[in-house]
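Shown next, in structure tokens, is the structure this report addresses.
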Amino acid sequence: MNPAASPPPTTAAAPPGRVLRRLFLTLFLRGRSARGLQKEGAPKSVGQKLALTLVFYALFGLFALGFRHQPVLALSVYLHLMTFLFLGMFVAASAGEVLFNKEEGDILLHRPVTPRALLWAKIGVLVQVSLWLAGAFNLGGLWAGIGASDGGWWFPVAHAISTTLEALFCTGCVVLVYQLCLRWFGRERLDGLMTTAQVIVTVAVVAGSQLLSQVMTGQLGEVLKLSAHSWWIGLLPPAWFAGFDDAFAGSGTGSSWLLASLALVATAAVLWLAFGKLARNYATGLQTLSEALPARPRPAGRRWVDVLVKAPPLRWWLRDPVARAAFLLSVAYLVRDRDVKLRVYPGVAPMLVFPVMFLVMSRTGGHGSASSFQVAVASAYLGLIPLLGLNLLQYSQQWQAADLFRSAPIPGPAPLCHGARRAVLCVLTLPMLVLYGLLAWVLTNDRSQLVLVLPGIISLPVYAMIPSLGGRAVPLSMPTEEAKSAKRGLTMVGVLFIAMVLSGLASWAWAGGWFWWFIAAETVLVAAAYVALHVALATARWAPME
Amino acid sequence: MEFMRQGRHMITVQQLTKRFGAQTAVDALSFEVPAGQIVGFLGPNGAGKSTTLKMLTGMLEPSAGTATVCGFDLRRDILEVKRHVGFVPESGAVFESLTGLEYLEMVAALYALPEEAARARIRQFIAFFDLSFETLTDKLLGAYSKGMRRKVVITAALLHNPPVVFFDEPLDGLDANAAVGFKALIQTLAQEGKTIVYSSHILDVVERVCDRVIIIDKGRMLVDGAPEKLVAEHNSGTLERLFTELTGGTELERRAQDFARTFRS
């Protein structure tokens with residue numbers, strides 16, 4: 001008998017489920033888009049990266065120690081709310097890539113594994129990593145629960161169970177939404193829908209965590225007015241899991257038991273729907289994902305961005321064809337590309353949240369110089385929007401396509417940087433400034449102070465030029481793996497420091513009655529700095545590829 | 001073009017070298033290519049083909065040596081070099097979040113082609129490659145098949161009508177009909193005077209299409225000449241046999257046979 005004709009022996013092989021889990025965990029930790037990176041550019045140690053993340057989560061979780069003398073319900077609501085936000089953000093950001101990877105059908109669907117095994121392995125990995133993160137974050141909370149006013153030694157056990165349930169619930173919800181979207185809207189709209197949903201969830205989580213931490217730290221001094229008896233608390237999923245803790249290791253009231261029951265029923269229902277009932281469609285979903293789609297009939301008329309660039313003032317501003325091409329490319333990616341959107345929008349969201357928080361503080365924090373400084377500081381953050389946006393726009397999963405710029409007859413990266421900068425100013429900065437203006441108008445007590453925003457806005461063009469220095473801000477030209485750069489953080493801190501100094505000077509000038517002289521001097525300085533930066537950028541040449 | 005009419009070489013490479021740290025990827029390579037010639041540029045993986053092409057397209061700076069393309073020096077007139085070359089990279093990378101038309105219009109803008117002229121050229125290529133205009137305007141490149149994407153990349157390389165074109169594995173992903181059409185296209189382009197450097201692993205295509213073959217290994221030139229002449233000189237029978245003999249493939253063949261035998265034993 002020819003041994004090559006018979007199937008290979010299977011006795012020593014690991015079960016397919018375990019092999020798949022190990023595969024997806026490895027892919028998840030290393031990232032799937034690392035191909036094309038040079039070896040030295042790849043992450044040095046996955047374990048080290050993960051350990052650092054867990055340490056960060058654990059340190060952040062120590063804030064829970066501030067709740068150690070509060071009732072179990074208040075502590076648990078805080079812990080579960082933050083866990084829910086973190087896990088929601090993590091699962092929403094990862095699920096698309098993990099569950100519905102376009103290239104995966106070709107690699108795995110012809111192997112001897114069932115779609116159900118694939119789905120379970122992926123869910124297993126998502127839950128596993130979620131639990132690591134949740135465990136790290138809740139470590140401090142476990143100790144706080146032992147010392148809570150109605151807590152005790154049962155709290156760690158109850159909280160470990162409720163956190164596991166919450167992780168399963170979060171993962172189940174996201175998987176369910178993906179499956180339903182695929183079923184109802186088809187593959188063509190799935191990407192767009194899920195990207196929008198992911199961006200909204202992530203921005204909401206980033207903004208929410210900033211605001212929530214303010215609210216929470218503002219109330220730490222007193223007992224939170226939370227009660228399991230309030231009807232509205234039943235509408236908040238994190239409260240169900242907090243009810244579980246309170247029922248088993250806290251007050252043990254009837255309302256807490258009701259919330260705990262809700263947690264169990266909701267988790268079971270979501271798991272059954274996501275992993276049981278809809279899992280049958282998973283194989284079809286994966287297959288349709290890699291199919292070529294028929295072209296959709298295009299609605300009459302041109303794209304809005306084409307109309308915009310062909311009409312004044314953009315037509316004049318983008319008269320250089322290369323800058324216009326870079327502008328259109330950048331806008332397309334800011335509007336369409338999931339990877340870019342998930343990096344840019346959540347990245348710049350805090351730059352709007354912080355100014356709004358400062359405005360709220362200026363409203364409640366009294367009048368005079370303190371209040372005017374807060375308004376001025378708010379505008380300092382706005383100046384960081386183009387800086388951050390341009391920095392983040394440099395990275396793309398399709399960075400190799402940017403080789404095209406180097407082979408094109410362009411003397412240096414300047415026109416490409418200009419195009420990207422103008423796109424970020426038009427698509428990102430301008431709408432955020434308008435939104436901020438509206439919020440400021442509503443939130444400010446003394447509207448005459450709103451002119452203090454001017455110094456920040458005047459300096460915006462200079463801040464927007466900084467990332468382009470040396471021709472670095474070529475859009476979509478760097479691998480996403482390089483996005484986490486400490487150097488970029490240093491630039492941000494430096495610019496923020498300058499912006500803060502500027503805000504201090506503006507508020508001093510306002511108080512001293514020489515504000516408009518200050519504005520005139522700033523305008524002259526900014527114009528000079530802008531011209532100098534422009535000249536420096538024009539002489540920038542391509543950095544070596546190697 | 002004046003330069004072509006003078007009958008001078010379109011590509012002149014002298015002692016071209018590229019080092020990455022201690023490693024030499026291209027080692028003192030020298031050759032010349034006249035107008036209208038199709039040159040097959042061959043070598044095993046890691047031989048230095050892509051590095052050479054990247055240097056000749058102005059993407060990588062040589063560590064030593066000189067090269068001119070269309071009479072323009074690679075170091076002094078890099079912009080003019082880029083204006084006169086087209087390049088189809090092996091990766092076939094495109095910006096997947098653009099539609100095919102948006103991508104091609106962006107490329108046209110990089111070469112300062114007037115919009116109307118660019119559109120007219122794009123339509124010619126669409127007709128040639130049998131692409132539908134609706135697909136090009138409505139679908140993002142990320143949703144294209146590999147072959148369609150390759151057609152867009154080839155179109156992007158030829159859009160500005162360059163006199164010198166570098167192809168790095170251009171047939172990758174193309175179906176049989178498209179490949180036949182493409183081969184006819186490059187032969188026609190060469191007849192019209194364009195110089196073509198064609199790097200590929202599909203040796204029978206190279207043998208049929210190219211007037212001349214350069215084989216390199218470990219950054220050094222092994223042979224340079226007309227395929228029939230080289231095959232005859234080395235008494236190899238086919239270009240594939242010659243290639244394997246020169247680049248150590250014969251040893252691989254023997255190892256493959258030994259390995260296959262282990263299944264039978």
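The sequence lines fix the lettering, A, B, ..., with proteins before strands; numbering per chain opens at 1.
Heavy atoms of B:Glu80 lying under 4.5 Å from chain A are absent altogether. Neither the backbone nor the side chain of B:Ile78 comes within less than 4.5 Å of any heavy atom in chain A. Using a 4.5 Å cut-off between heavy atoms, B:Tyr144 makes no contact with chain A at all.
Counting heavy-atom pairs closer than 4.5 Å to chain B, the top residue among A:Ala326, A:Ala325, A:Pro415, A:Ala332 is A:Ala325. With respect to chain B, the highest number of heavy-atom pairs below 4.5 Å among A:Leu328, A:Leu416, A:Asp403 belongs to A:Asp403. Ranked by heavy-atom pairs under 4.5 Å with chain A, the first of B:Ala93, B:Ala156, B:Gly21, B:Gly92 is B:Ala93. For the options B:Glu102, B:Lys54, B:Glu105, heavy-atom pairs under 4.5 Å to chain A are most numerous at B:Glu102. Taking B:Val81, B:Leu98, B:Val85, B:Thr57 one by one and counting their heavy-atom pairs under 4.5 Å with chain A, the maximum is reached by B:Leu98.
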B:Ile11 vs B:Phe166, side chain to side chain contact (heavy atoms under 4.5 Å, CB included): CA-CA, chis, key distance, verdict: CA-CA 11 Å; B:Ile11 303 172; B:Phe166 295 94; 3.9 Å; yes
Could you go step by step and tell me if B:Glu169 and B:Ser200 meet the side chain to side chain contact (heavy atoms under 4.5 Å, CB included) rule? CA-CA 5 Å; B:Glu169 292 293 352; B:Ser200 175; 3.5 Å; yes
Audit row: B:Tyr198, B:Ile186, side chain to side chain contact (heavy atoms under 4.5 Å, CB included) steps and yes/no: CA-CA 10 Å; B:Tyr198 186 104; B:Ile186 61 167; 3.7 Å; yes
Does the pair A:Tyr333 and B:Glu96 meet the rule for a side chain to side chain donor-acceptor pair (under 3.5 Å), with working shown? CA-CA 9 Å; A:Tyr333 268 71; B:Glu96 293 178 7; over 6 Å; no
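Here the side chains of A:Trp399 and A:Pro479 are in contact, with some heavy-atom distance below 4.5 Å. For the pair B:Val69/B:Asp77, no side-chain contact is recorded, criterion being any heavy-atom separation below 4.5 Å from C-beta on.
For the residue pair A:Tyr395 and A:Asn391, the shortest heavy atom distance occurs at CE1-O, 3.1 Å. B:His84 and B:Phe72 get closest at one heavy-atom pair: CE1-CE1, 3.4 Å.
A:Ser330 places no side-chain N or O within donor-acceptor distance of the main-chain N or O of A:Ala423, the cut-off being under 3.5 Å.
Inspection of non-hydrogen atoms places A:Pro321, A:Val322 of residues 311-322 of chain A under 4.5 Å from chain B. Along residues 106-121 of chain B, the residues that come nearer than 4.5 angstrom to chain A, judged on non-hydrogen atoms, are B:Met106, B:Val107, B:Ala109, B:Leu110, B:Tyr111, B:Glu115 in order of number.
Using modelled atom types, one finds a donor on one side chain and an acceptor on the other under 3.5 Å when comparing B:Ser50 with B:Asp168.
Under the 6.0 Å cut-off for aromatic ring centres, B:Phe128 and B:Phe182 do not qualify, their centroids lying 6.0 Å or more apart.
Salt-bridge check for B:Lys18 with B:Asp27: failed, with every basic side-chain N at 4.0 Å or more from each acidic carboxylate O.
In this structure, B:Arg220 places its CZ atom where only 12 or fewer heavy-atom neighbours from other residues, nucleotides or ligands lie under 6.0 Å away.
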